[in-house]
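The next block holds one structure in the form of structure tokens; read it before the comments.
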Amino acid sequence: EVQLQASGGGLVQAGGSLRLSCVASGSALNDYDIGWFRQAPGKVREGVSCVSRDDSTTHYVASVKGRFTISSDFAKNMVNLQMNSLEPEDTAVYYCTALHICEEYYLTYTPEDVVDYWGQGTLVTVSS
């Protein structure tokens with residue numbers, strides 16, 4: 001079992017920044033990598049970024065590369081997502097997740113097929 005608690009969402013103007021944080025816990029936590037997924041209004045969920053527990057390798061979907069940075073402190077079971085140069089299209093509920101493998105192509109799969117545990121989500125709203 002894994003529990004994930006995300007925080008840091010809010011309202012920001014286009015071009016601004018936000019930092020999301022995720023604290024993970026649970027007896028099975030060491031079996032999982034950590035990823036961020038999001039769901040925009042009226043759209044399906046999609047992958048954003050993930051980080052490997054084994055070697056801290058990171059991956060991003062194309063739409064956020066160069067703007068978002070994922071960082072991790074697995075000793076504290078904390079993962080952050082620094083989001084810069086935010087665009088209205090980034091408006092979404094962001095979910096911290098646990099998935100078995102962090103690979104770039106996994107971020108393009110149907111999230112429900114690759115994510116084993118979901119946090120409660122935090123809302124990010126980017127105004128134009």
Side-chain angles (χ1 to χ4, degrees):
E1 191 72 21
V2 175
Q3 294 81 41
L4 303 135
Q5 182 73 37
S7 62
L11 174 63
V12 64
Q13 289 188 331
S17 299
L18 278 175
R19 184 180 180 87
L20 305 183
S21 296
C22 175
V23 177
S25 62
S27 58
L29 185 58
N30 288 339
D31 295 336
Y32 296 93
D33 294 337
I34 301 297
W36 288 94
F37 286 70
R38 67 185 180 185
Q39 186 169 21
K43 295 188 177 180
V44 299
R45 289 179 178 178
E46 63 176 1
V48 176
S49 179
C50 63
V51 57
S52 168
R53 177 178 296 275
D54 287 341
D55 58 9
S56 297
T57 300
T58 60
H59 296 288
Y60 302 88
V61 292
S63 61
V64 307
K65 279 183 179 177
R67 301 189 298 122
F68 290 12
T69 303
I70 191 169
S71 60
S72 60
D73 183 348
F74 283 112
K76 298 180 180 179
N77 289 320
M78 294 180 64
V79 174
N80 296 318
L81 185 68
Q82 178 66 42
M83 305 185 296
N84 298 329
S85 301
L86 282 162
E87 304 168 353
E89 293 74 23
D90 295 316
T91 294
V93 177
Y94 284 72
Y95 297 91
C96 179
T97 70
L99 57 166
H100 272 296
I101 301 176
C102 170
E103 293 287 353
E104 187 168 355
Y105 56 87
Y106 266 47
L107 294 175
T108 65
Y109 286 8
T110 299
E112 287 72 18
D113 290 342
V114 299
V115 172
D116 289 274
Y117 293 96
W118 295 83
Q120 89 287 3
T122 185
L123 177 62
V124 172
T125 303
V126 184
S127 63
S128 57

*Do Leu20 and Thr122 pass the side chain to side chain contact (heavy atoms under 4.5 Å, CB included) test, and can you show the C-alpha distance, the side-chain angles, and the key distance before you say yes or no?*
CA-CA 8 Å; Leu20 305 183; Thr122 185; 4.0 Å; yes
_side chain to side chain contact (heavy atoms under 4.5 Å, CB included), that's the test. Do Phe68 and Ser49 meet it? Break it down for me._
CA-CA 8 Å; Phe68 290 12; Ser49 179; 5.9 Å; no
*Under the side chain to side chain contact (heavy atoms under 4.5 Å, CB included) criterion, do Arg38 and Arg45 qualify, and how do the steps go?*
CA-CA 5 Å; Arg38 67 185 180 185; Arg45 289 179 178 178; over 6 Å; no
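Tyr94 and Val23 fall into different hydrophobic clusters, where Ile, Leu, Val, Met, Phe, Trp and Tyr side chains are chained together by heavy-atom contacts under 4.5 Å. Residues Met78 and Val2 do not share a hydrophobic cluster, clusters being chains of Ile/Leu/Val/Met/Phe/Trp/Tyr side chains in contact below 4.5 Å. Under the 4.5 Å side-chain heavy-atom criterion for Ile, Leu, Val, Met, Phe, Trp and Tyr, Val115 and Tyr109 are members of the same hydrophobic cluster.
With hydrogens and angles disregarded, a donor-acceptor distance shorter than 3.5 Å links the side chain of Thr91 to the backbone of Val126. Judged by distance alone, with hydrogens and angles left aside, the side-chain atoms of Ser52 form a donor-acceptor pair with the main-chain N or O of Asp54 at under 3.5 Å.
The closest side-chain donor-acceptor pair between Thr57 and Asp55 falls under 3.5 angstrom. A donor-acceptor pair shorter than 3.5 Å can be found between the side chains of Asn84 and Gln82.
In this structure, Phe37 has its ring center under 6.0 Å from that of Trp118.
Across Tyr95 and Gly119, no two heavy atoms sit closer than the pair CD2-O, 3.5 Å. Annotation for Ile34 and Ala24: closest pair CD1-CB, 4.5 Å, computed over non-hydrogen atoms. The shortest non-hydrogen separation linking Ser21 to Trp36 is O-CH2, 3.7 Å.
Contact annotation: the side chain of Asp90 never approaches that of Met83 to less than 4.5 Å [non-hydrogen atoms, C-beta and beyond]. At least one side-chain heavy atom of Ser71 sits under 4.5 Å from a side-chain heavy atom of Arg19. Contact annotation: the side chain of Gln3 never approaches that of Gln5 to less than 4.5 Å [non-hydrogen atoms, C-beta and beyond]. Considering only heavy atoms from C-beta on, Leu18 comes within 4.5 Å of Val124 through its side chain. By the 4.5 Å heavy-atom criterion applied to side chains, Asn77 and Leu29 are counted as neighbours. Side-chain contact check for Leu81 versus Val48: some heavy-atom pair is nearer than 4.5 Å. Using a 4.5 Å heavy-atom threshold, the side chains of Asp33 and Cys50 count as separate. Here the side chains of Ile70 and Val79 are in contact, with some heavy-atom distance below 4.5 Å.
Annotation: Glu112, atom CD; neighbour count of heavy atoms from other residues, nucleotides and ligands within 6.0 Å is above 12.
The OG atom of Ser128 sits 12.0 Å away from atom CD of Glu87, with the distance rounded to the nearest 0.5 Å. Taking OG of Ser63 as the start and CD of Glu89 as the end, the distance is 10.0 Å to the nearest 0.5 Å. Of the inter-residue distances, the one linking Ser85 atom OG with Arg67 atom CZ reads 7.0 Å to the nearest 0.5 angstrom.
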Please output the side-chain donor-acceptor pairs of residues 96-108 that fall under 3.5 Å, not counting sequence neighbours, one pair per line with the distance.
{"unit_1": "Thr97", "atom_1": "OG1", "unit_2": "Gly35", "atom_2": "O", "d": "3.0"}
{"unit_1": "Glu104", "atom_1": "OE2", "unit_2": "Lys65", "atom_2": "NZ", "d": "2.9"}
{"unit_1": "Thr108", "atom_1": "OG1", "unit_2": "Tyr105", "atom_2": "O", "d": "2.7"}

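A search for ring pair (Phe, Tyr, Trp, His ring centres under 6.0 Å) contacts involving Tyr117 returns Tyr32, not counting sequence neighbours.
Under the 4.0 Å criterion applied to side-chain N and carboxylate O atoms, Asp31 and Arg53 are not assigned as salt-bridge partners.
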